[in-house]
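Below: the structure, in structure tokens.
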Amino acid sequence: MKPKYYITTPIYYPSANFHIGHCYTTIIADSIARYKRMKGYDVCFQTGTDEHGQKIEMKAKEAGVSPKEYVDEIVLNAKNLWDALQISYDKFIRTTDEFHVKAVQKIFTKLYEQGDIYKGEYKGLYCTPCESFWTKTQLIDGKCPDCGREVHEVSEEAYFLRLSKYQDRLVEYIESHPEFIQPESRKNEMIYNFIRPGLEDLCVSRTSFTWGIPVPFDEKHVVYVWLDALTNYITSLGYMTDNDIEFQKYWPADLHLVGKEIVRFHTIVWPVILMALNLPLPKQVFGHGWLIVNGGKISKSLGNYKDPREYIDAYGVDAVRYFVLREVPFGNDGNFLEESLINRINTDLANTLGNLVNRTITMACKYFDGTVKYKNQNEELDSEFLEKINSLDKIVDEKMEQLHVSEALESIFEVLRRSNKYIDETMPWILAKEEEKKDRLETVLYLLLESIRVCASLLEPYIPTTSSEILKQLNQTDKTPQFIDKHEYHLSPAKILFARIETK
Ligand code: ME8
């Protein structure tokens, strides 16, 4: 039986303005999911949308439609974007899905009955025109961050989740499972900044708006945000339904991939919910950094926002995927600049990769009419090159095990650059001048074709279209990531993979 691998992205707030930053989590998760499938895992890759709350209720009102109509359209838009980015998700959960609503109600009731949820009073700063609660830190100059008007303190009846009760168990778990929160720096932040100073119980219901899952035994309350959102990771697998086969198979999650600002909810609130439900905790929560533009947040109002589809249309989906995966060392923030995207396309995709494939196939067509076999005419300088090709698979595997996606890609490009250098060293055009060097020339080209085949096979998780296009041009289906001497290449003239982009 195949080993299982359950990987999730956060569920996204339905927003009409998805930007490239939003695509970041999904593209990385997709490359990891594809990688695991390639390695023979039975992968469940889940994403989805987080559709309840006051903001949505207000936006729908502004648009003159019901909240459900409002989110339906945006969800369609999100799915189209994920398709355009070739996100190979297996499940897409919406928190408005009937099964989710029912399961959340059962979870809420269970936690209430066993005393982990209790009724109390929520005190907050309220902006009446916006009908929104804010915390002190969210205010701008002491005023509502949305409309700039005065806020005043109000209190309302609400249900609370007893985080405090689980504080010691949580610290003990985090400290005895060093892989649980990654990168390491985020783990320390959670323990020292958030948990050790003392956990406050979390408000999990509201009465000030209605667009949410009703609390089944107290219908003027709706379930508030995190209890609704986080449980998506188990309700989608059938937890608390008649059919929980997938839950039995895939839970606990192997990886929750999340942006750094929501690590807190995934490593404090979520474990507490799971402990209260007596369920195992996810194996790892990885908090990645942000894509920023000129040192700041990406946002429409700052004018640094573009619909990601514009980049896809202009440069191709693989260029966008490659850039996002390659440019930002995982865990850190990284700058998104269109100039750097173009630069990556020109240096890595057009020059290193595209040129190598083009030159090699062109020479094979020119010198051997496109038919190349292994002629066993190796020279000393081949051994280091062969060693590089054959050790690549293991290197990529080590990097991916640590989720160092950018470094995994870099190691593949190192072999591609080495291949280009091999052409300069062996100078096939000189070999072609001497009839007695013909077998040596064919061996050289064979090695290059094998190097390209191995690299193209290993590139599938990151740039799937390009990977399959290269294998098609090579006329090969064998994706074994090792040099094999038994292939026969029958090649037609090469097609350009990435055109250089001229900049002013
Ligand atoms: O947080 N760079 O949803 P969301 C990198 N619904 N990642 C970014 C980014 C940027 N500039 N902007 C956003 C939510 N993201 C909740 C999650 S999970 C149970 C509930 C990432 O739509 C962000 O870090 O605000 C997060 O991982 C994801 O997009 C969804 O953010």
Side-chain angles (χ1 to χ4, degrees), residues 6-33 45-51 53 55 74 78 81-82 85 87 89 92-93 95 135 137-138 145 174 179-191 193-194 202 225-226 228-233 253-271 282-300 302 304-306 308 320-321 323-336 402-406:
Y6 181 33
I7 174 173
T8 67
T9 72
I11 46 173
Y12 290 75
Y13 291 126
S15 151
N17 306 327
F18 273 117
H19 54 64
I20 190 81
H22 290 117
C23 305
Y24 185 73
T25 320
T26 333
I27 294 174
I28 295 171
D30 183 63
S31 73
I32 299 169
F45 168 26
Q46 172 167 298
T47 188
T49 39
D50 187 358
E51 303 182 10
K55 267 213 174 120
I74 294 178
L81 178 59
W82 297 156
L85 284 167
I87 306 301
Y89 59 82
F92 190 106
I93 184 171
T95 52
T135 61
T137 51
Q138 286 173 319
I174 293 173
E179 71 297 338
F180 176 54
I181 307 179
Q182 284 295 320
E184 180 83 16
S185 57
R186 305 222 197 276
K187 172 177 123 190
N188 298 332
E189 191 191 347
M190 290 306 124
I191 293 184
N193 295 4
F194 293 108
L202 180 81
V225 192
W226 289 99
D228 173 6
L230 290 161
T231 48
N232 89 83
Y233 301 130
D254 294 83
L255 178 63
H256 289 316
L257 190 63
V258 302
K260 61 182 177 181
E261 81 285 10
I262 53 174
V263 168
R264 194 150 65 95
F265 302 100
H266 284 80
T267 59
I268 298 174
V269 180
W270 185 218
K283 292 184 189 154
Q284 186 166 91
V285 175
F286 192 105
H288 64 70
W290 291 333
L291 265 192
I292 49 184
V293 170
N294 296 333
K297 220 175 134 190
I298 307 177
S299 95
K300 199 159 199 172
L302 292 176
N304 59 13
Y305 158 93
K306 254 195 199 178
V320 175
R321 288 177 64 108
F323 179 82
V324 165
L325 293 169
R326 177 69 187 85
E327 189 77 4
V328 187
F330 206 28
N332 302 349
D333 289 345
N335 225 351
F336 183 85
Q402 301 171 63
L403 306 181
H404 292 169
V405 183
S406 171

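- Interatomic distance, NE2 of H22 versus CD1 of I27, reported as 13.0 Å (0.5 Å rounding).
- One finds the CZ atom of F92 at 9.5 Å from the CD1 atom of I11 (value rounded to the nearest 0.5 Å).
- At least one side-chain heavy atom of Y233 sits under 4.5 Å from a side-chain heavy atom of H266.
- Side-chain atoms of Q182 and K187, non-hydrogen and from C-beta on, never get closer than 4.5 Å to each other.
- Smallest separation of non-hydrogen atoms from L257 and A29: CD2-N, 3.5 Å.
- Within the model, atoms CZ of R186 and CG of N193 stand 12.5 Å from one another, a figure rounded to the nearest 0.5 Å.
- The one candidate from L291, V258, T9, D30 that meets the side-chain contact (heavy atoms from CB on, under 4.5 Å) condition with T25 is T9.
- Checked by atom type and distance alone, the side chain of T95 pairs as donor or acceptor with a backbone atom of E51 at under 3.5 Å.
- At least one side-chain heavy atom of W270 sits under 4.5 Å from a side-chain heavy atom of T231.
- Taken to the nearest 0.5 Å, the CD atom of E179 stands 11.5 Å off from the CD1 atom of I174.
- Using a 4.5 Å heavy-atom threshold, the side chains of L403 and Q284 count as touching.
- Here L255 contributes atom CG and I7 contributes atom CD1; the two are 4.5 Å apart, rounded to the nearest 0.5 Å.
- The two residues P308 and C23 come nearest to each other via the heavy atoms CG-SG, 3.6 Å.
- For Y13, there are no ring-ring contact (aromatic ring centres under 6.0 Å, His included) partners, not counting sequence neighbours.
- To the nearest 0.5 angstrom, N188 atom CG is 9.0 Å from I181 atom CD1.
- Note: W82 and F18 have tilted aromatic rings, judged against thresholds of 30 and 60 degrees for the angle between ring planes.
- Under 3.5 Å, the side chains of T26 and Y12 contain a donor-acceptor pair of N or O atoms.
- Taking the six-membered ring for Trp, F336 and H19 have ring centres at least 6.0 Å apart.
- The closest side-chain heavy-atom distance from I262 to P10 is below 4.5 Å.
- In this structure the side chain of V328 never reaches within 4.5 angstrom of the side chain of V324, judged on heavy atoms.
- By the side-chain contact (heavy atoms from CB on, under 4.5 Å) test, A253 pairs with Y6, W251, H256, P282, sequence neighbours left out.
- The two atoms that bring K260 and G289 nearest to each other are CD-CA, 4.3 Å, heavy atoms only.
- I20 has its side chain within reach of V320: a pair of non-hydrogen atoms, C-beta onward, lies under 4.5 Å apart.
- Partners of K283 by salt bridge (charged side-chain N to carboxylate O under 4.0 Å, His left out), not counting sequence neighbours, listed by chain and number: D254.
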